Amino acid sequence: MILPYSLLVGHEELRTALEIAYVNEAVGGVLATGQRGTAKTTTVRAFTMMTVGRLPVTLPIGATDDRVLGGWQIKKLMQGAAEPEDGLLVEAARSPARMLYVDEINLLDDYLVNIILDVVSTGVLSVQREGRAEDLRGVHFTLVGTMNPDEGGLRPQLLDRFGLVADVLPEDDPERRRRIVETVLRFEAERDDPASEFMAEARERDARRKASLDAARERLDAVRYGPDVAAACARLAAAFRLIGHRGDLVLGRAGRALAAIEGEAQVTERHLRRVAKLVLVHRRGHADSGTLPAWTSEDDARVDELLPGSAG
C-alpha cells in the first residue's frame with residue numbers, strides 16, 4: 001500500500017503542480033526536483049493512487065528500446081506467430097492516469113529522451129523495429145519526472161517540455177519532521193488493519209479530494225479569462241526573458257486550472273501569481289547544461305510588481 005495522499009506532510013508546491021496538470025492536461029508535464037529522500041516518488045504515487053486507484057506507468061532507467069517503444073511478443077514469436085506488443089509510451093497513453101512517470105529523468109538515455117520529446121509534442125509514435133513499421137497516433141500522456149539536481153542537469157529541450165517545475169526541499173523544521181516520522185510509522189503499523197480509524201479517515205479525505213479535482217476538470221471549460229490576464233502573462237514572460245511563447249500560454253492554462261480548483265468563474269492575476277514560480281523557474285535564462293537557477297525573494301518581488309492586481 002502507498003501512503004494516502006492526504007497523509008503527506010508538506011510538498012505543497014509539488015502537490016499543487018500535480019493537481020493543476022490533472023485538471024488541465026494542456027498545461028503539460030510536471031518535474032519535481034530535489035535531493036534524494038525527500039519523498040518525490042512517494043508524492044507522485046500517492047497522487048495517482050488517489051485519482052485513479054493505480055500506480056503510474058513507470059519508465060525505469062535502463063529500460064530497453066522494445067520495452068519503451070513496443071515490438072513483438074517474444075513468446076508468440078517463438079511459436080511462429082507475430083503479435084505486436086505495446087511499449088511503455090502507449091501503455092501510459094492508455095492507462096487510467098494517462099501519465100508516464102520517469103524517476104531520475106536527468107539520467108535517461110539521450111536517444112529515449114528524443115523519442116519522448118517527439119511523442120509529447122506530436123502525439124505520434126513511429127515504431128520501426130524488426131519488421132514492424134507503423135505510426136501510432138493519439139499517444140497523449142502527461143510526462144511526470146523526478147530528479148536530483150546534485151546528479152546532473154536536464155537537457156534544455158526536455159526541461160522546456162515540462163509545463164511546471166516544483167522544487168522539493170527537505171524539511172528543516174523539527175515539528176514538521178516529527179509529523180512526518182509519526183505519520184509514516186503509524187501508517188506502517190495500521191495500513192493492514194481493517195478497523196483502523198486513522199486509515200479510514202485518510203481514505204475518506206482522499207475520496208473527497210479526488211471528487212473535488214474531478215469536479216474542477218468538469219468545470220474547466222466554463223472558466224473564463226479575465227480582461228487583463230493575457231497582458232499579465234505577456235508582461236511576466238518578457239520580464240523573465242522567456243524564449244518563445246510556450247511559457248506565456250502555460251501561465252494562462254495553469255491559472256485557469258487553479259481557478260477551476262478553487263471554484264472561481266474567472267482567471268485573475270491572483271491565480272497567475274500562485275502559479276508564476278511553477279511556470280517560470282525553469283524557463284528563465286539558464287546554461288546549456290539545463291541547471292536551474294534558484295528562485296529568490298527578488299524573483300517573488302518582481303512578480304508582485306508585475307501583477308499589481310494579485311494582492312488580496
Side-chain angles (χ1 to χ4, degrees), residues 13-33 40 43-44 47-48 51-52 56-59 88-89 92-93 95 97-103 105-106 108 112-125 137-147 153-168 213 216-217 220-221 223 225 229-230 233-234 236-237 240 242-261 267 271-272 274-284 286 290 292 295:
E13 200 169 285
L14 176 55
R15 293 163 73 175
T16 297
L18 291 169
E19 292 180 4
I20 286 173
Y22 177 78
V23 169
N24 187 358
E25 293 182 356
V27 165
V30 174
L31 175 66
T33 175
K40 301 183 295 296
T43 301
V44 174
F47 180 77
T48 55
T51 52
V52 301
V57 173
T58 301
L59 194 161
L88 290 171
L89 303 186
S95 69
R98 288 169 59 89
M99 176 193 294
L100 178 68
Y101 174 58
V102 186
D103 193 16
I105 193 169
N106 52 323
L108 194 63
L112 294 179
V113 168
N114 291 333
I115 293 172
I116 293 174
L117 284 175
D118 187 56
V119 175
V120 167
S121 62
T122 66
V124 178
L125 172 62
R137 301 183 179 276
V139 185
H140 298 290
F141 52 81
T142 297
L143 179 62
V144 176
T146 56
M147 61 174 278
L154 196 63
R155 288 177 55 191
Q157 298 94 323
L158 182 57
L159 190 60
D160 186 55
R161 292 293 180 182
F162 286 101
L164 310 172
V165 169
D167 192 13
V168 181
L213 293 175
R217 294 179 87 172
L220 178 68
D221 290 342
V223 176
Y225 292 102
V229 166
C233 291
L236 285 170
F240 282 88
L242 270 59
I243 298 174
H245 302 286
R246 183 176 288 119
D248 315 43
L249 294 170
V250 173
L251 276 166
R253 292 165 182 162
R256 192 184 196 193
L258 185 60
I261 290 171
V267 185
H271 299 113
L272 298 183
R274 292 271 308 279
V275 303
K277 180 185 175 183
L278 295 171
V279 177
L280 300 174
V281 66
H282 58 302
R283 291 190 165 90
R284 299 167 298 161
H286 51 70
L292 295 174
W295 185 268

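We count residues from 1, following the sequence as given. What you see is a predicted model; the values in this text were computed from it and never measured. Side-chain atoms are counted along with the backbone in the values below, which use heavy atoms only and exclude waters and symmetry mates.
Annotation for K40 and T33: closest pair CD-C, 4.2 Å, computed over non-hydrogen atoms. Across G252 and C233, no two heavy atoms sit closer than the pair N-SG, 3.7 Å. Residues Y225 and V267 approach most closely at CD2-CG2, 3.8 Å, considering heavy atoms. A pairwise comparison of heavy atoms in A254 and V279 identifies CB-CG2, 4.3 Å as the closest pair. Across all non-hydrogen atoms, the minimal contact from G29 to T142 is CA-CG2, 4.0 Å. Closest non-hydrogen pair, T48 versus P56, comes out as OG1-CD, 3.1 Å.
With contacts defined as side-chain heavy-atom distances shorter than 4.5 Å, the pair D167/V281 does not qualify.
When the side chain to side chain donor-acceptor pair (under 3.5 Å) test is applied to R246, the partners found at least two apart in sequence or on another chain are D160. Residues passing the ring pair (Phe, Tyr, Trp, His ring centres under 6.0 Å) test with Y101, sequence neighbours excluded: none. Evaluation of the side chain to side chain donor-acceptor pair (under 3.5 Å) rule for D103 yields T146 as partners, not counting sequence neighbours.
Because its NZ or CZ atom is not both nearer than 6.0 Å to the ring centre of F47 and within 45° of the ring axis, R15 does not count as a cation-pi partner of that residue.
Side-chain atoms of N24 come within 3.5 Å of backbone atoms of R253 as a donor-acceptor pair (strictly under, hydrogens ignored). Using modelled atom types, one side-chain atom of R256 and one backbone atom of V223 make a donor-acceptor pair closer than 3.5 Å.
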